[in-house]
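In what follows, a structure is listed as structure tokens, so that the remarks can point back to it.
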Amino acid sequence: MERHVGGVSGNLEGALGMGRMWANPACVAPISSRPSMGLKRSLQCGGTLLGCLANILTILSSAANYWIRFPKGHSGLWQDCIGDICTNIPCQSMLAVTEACMVLAAAFGIIGLVLGLRIMYYDGDTRGQTTSAIFFLCGLLLLIALISYTAKNAWKRDVFFSWSYFLAWLAFPFYIIAGFCFLLADMILQSTDAISGFPVCL
């Protein structure tokens, strides 16, 4: 009987001790870490901005007819221009690969930008990995397009790559960096969620 009473009193003391620990204002449960949240927000803003710039560059590059220059005119993905007269380019396999990849990169880039804006304005949105993967896919499509176009035209004489071509190359690292920004932001969010709820006595 005495042993039973002693066990009950010990349990009560333990419960009271836990109650005092949680009542102690020095013992806090870190719901979120402000420095990490600020870094996460900065990465998300940076990724969204880079994704927006990459989309603009990709669309401008695809639309302009200045991928290459030659003595009598210039050419893009869709038209050859000699003087002031532009004609549609006949279907070519290598050029079709470049056109398809550029259009897909622009389309997926817009989707990634929409997801990035949603993540910025809705703190509970946890699709950072999806957004990161989309921007990485945009970079891969852009790289395939540029490599195929370079392989098609690099060997030609009196042909020089022009500003539309270089705009596409400039968009490529922007997509990759934007993907890394959202990936790091998602990793910070997951690590913060993992440590939240644990009491820390200061």
Side-chain angles (χ1 to χ4, degrees), residues 43-120 125-186:
L43 287 170
Q44 291 172 347
C45 291
T48 303
L49 178 60
L50 289 173
C52 181
L53 290 175
N55 286 340
I56 293 172
L57 292 175
T58 302
I59 293 172
L60 285 177
S61 175
S62 301
N65 293 320
Y66 286 89
W67 278 65
I68 56 173
R69 285 183 177 274
F70 43 88
K72 294 183 180 181
H74 53 88
S75 178
L77 298 180
W78 319 101
Q79 291 182 326
D80 280 326
C81 297
I82 299 176
D84 295 331
I85 301 174
C86 294
T87 57
N88 293 331
I89 300 175
C91 183
Q92 304 173 15
S93 57
M94 292 290 288
L95 188 60
V97 171
T98 302
E99 293 169 352
C101 288
M102 290 296 293
V103 171
L104 288 174
F108 280 113
I110 293 173
I111 295 173
L113 181 61
V114 171
L115 290 177
L117 291 172
R118 181 180 176 84
I119 289 172
M120 284 180 57
D125 200 314
T126 57
R127 284 176 285 190
Q129 290 184 352
T130 303
T131 308
S132 174
I134 288 175
F135 281 129
F136 284 142
L137 177 61
C138 292
L140 178 61
L141 290 169
L142 206 60
L143 184 62
I144 294 172
L146 289 166
I147 289 175
S148 62
Y149 193 85
T150 304
K152 176 181 178 295
N153 294 284
W155 58 273
K156 294 180 180 179
R157 293 183 178 180
D158 297 329
V159 170
F160 305 95
F161 293 109
S162 190
W163 59 268
S164 295
Y165 173 81
F166 294 112
L167 282 183
W169 274 114
L170 184 60
F172 169 69
F174 284 177
Y175 277 131
I176 300 300
I177 297 173
F180 274 115
C181 285
F182 280 102
L183 182 61
L184 291 175
D186 187 73

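The shown structure was predicted, so the numbers you read here are calculated from the model rather than taken from an experiment.
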Going through the distances and angles, do Ser162 and Ile68 end up as a side chain to side chain contact (heavy atoms under 4.5 Å, CB included)?
CA-CA 5 Å; Ser162 190; Ile68 56 173; 5.9 Å; no

Worked verdict on Tyr175 versus Thr58 for side-chain hydrogen bond (donor to acceptor under 3.5 Å, both in side chains)
CA-CA 10 Å; Tyr175 277 131; Thr58 302; 3.3 Å; yes

Test side chain to side chain contact (heavy atoms under 4.5 Å, CB included) applied to Tyr66 and Ser61, step by step
CA-CA 8 Å; Tyr66 286 89; Ser61 175; over 6 Å; no

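Heavy-atom minimum distance, Met94 versus Ala151: CE-CB, 4.1 Å. Closest heavy-atom contact between Ala178 and Gly47: CB-O, 3.4 Å. Nearest heavy atoms, Thr131 versus Gly116: CG2-N, 4.1 Å. Taking every heavy atom of both residues into account, Cys138 and Gly109 meet most closely at SG-N, 3.2 Å. Nearest heavy atoms, Leu43 versus Ala185: CD1-N, 3.8 Å. When all heavy atoms of Asn65 and His74 are compared, the pair lying nearest together is O-ND1, 2.6 Å.
With sequence neighbours left out, Phe180 forms a ring-ring contact (aromatic ring centres under 6.0 Å, His included) with Phe136. Residues satisfying the ring-ring contact (aromatic ring centres under 6.0 Å, His included) test with Phe70, not counting sequence neighbours, are none. For Gln92, the side chain to side chain donor-acceptor pair (under 3.5 Å) partners are Lys152, not counting sequence neighbours. Every residue two or more places apart in sequence or in another chain that forms a side chain to side chain contact (heavy atoms under 4.5 Å, CB included) with Ile177 is listed here: Leu50, Cys181. Residues meeting the side chain to side chain contact (heavy atoms under 4.5 Å, CB included) test with Cys101, sequence neighbours left out: Val97, Leu141, Ile144, Ala145. Scored by the ring-ring contact (aromatic ring centres under 6.0 Å, His included) test, Phe174 finds no partners at all (sequence neighbours excluded). For Ser164, there are no side chain to side chain donor-acceptor pair (under 3.5 Å) partners, not counting sequence neighbours. Applying the side chain to side chain contact (heavy atoms under 4.5 Å, CB included) test to Asp80 and every residue at least two apart in sequence or in another chain returns Ser75, Thr87, Ile89. With sequence neighbours excluded, the residues forming a side chain to side chain donor-acceptor pair (under 3.5 Å) with Tyr165 are Thr150, Trp169, listed by chain and number. Among residues two or more places apart in sequence or in another chain, the disulfide (SG to SG under 2.5 Å) test is passed with Cys81 by Cys86. Under the ring-ring contact (aromatic ring centres under 6.0 Å, His included) criterion, Trp78 pairs with no residue at all, not counting sequence neighbours.
With contacts defined as side-chain heavy-atom distances shorter than 4.5 Å, the pair Val159/Arg69 does not qualify.
Ring planes of Phe161 and Phe166: perpendicular class, angle over 60° (limits at 30 and 60°).
Here CD of Gln129 is found 4.5 Å from CG of Asp186. Values are rounded to the nearest 0.5 Å. The line from OG1 of Thr48 to CG of Leu117 is 5.5 Å long, rounded to the nearest 0.5 Å. Between Leu104 atom CG and Leu142 atom CG the span is 11.5 Å, to the nearest 0.5 Å. Distance CD1/Ile119 to OG1/Thr130: 7.5 Å, rounded to 0.5 Å. The line from CG of Leu140 to CZ of Phe135 is 15.0 Å long, rounded to the nearest 0.5 Å.
More than 12 heavy atoms of other residues, nucleotides or ligands shown are found within 6.0 angstrom of NZ on Lys156.
The ring pair (Phe, Tyr, Trp, His ring centres under 6.0 Å) analysis of residues 81-117, with sequence neighbours excluded, yields no pairs.
Side-chain atoms of Asn153 come within 3.5 Å of backbone atoms of Tyr149 as a donor-acceptor pair (strictly under, hydrogens ignored).
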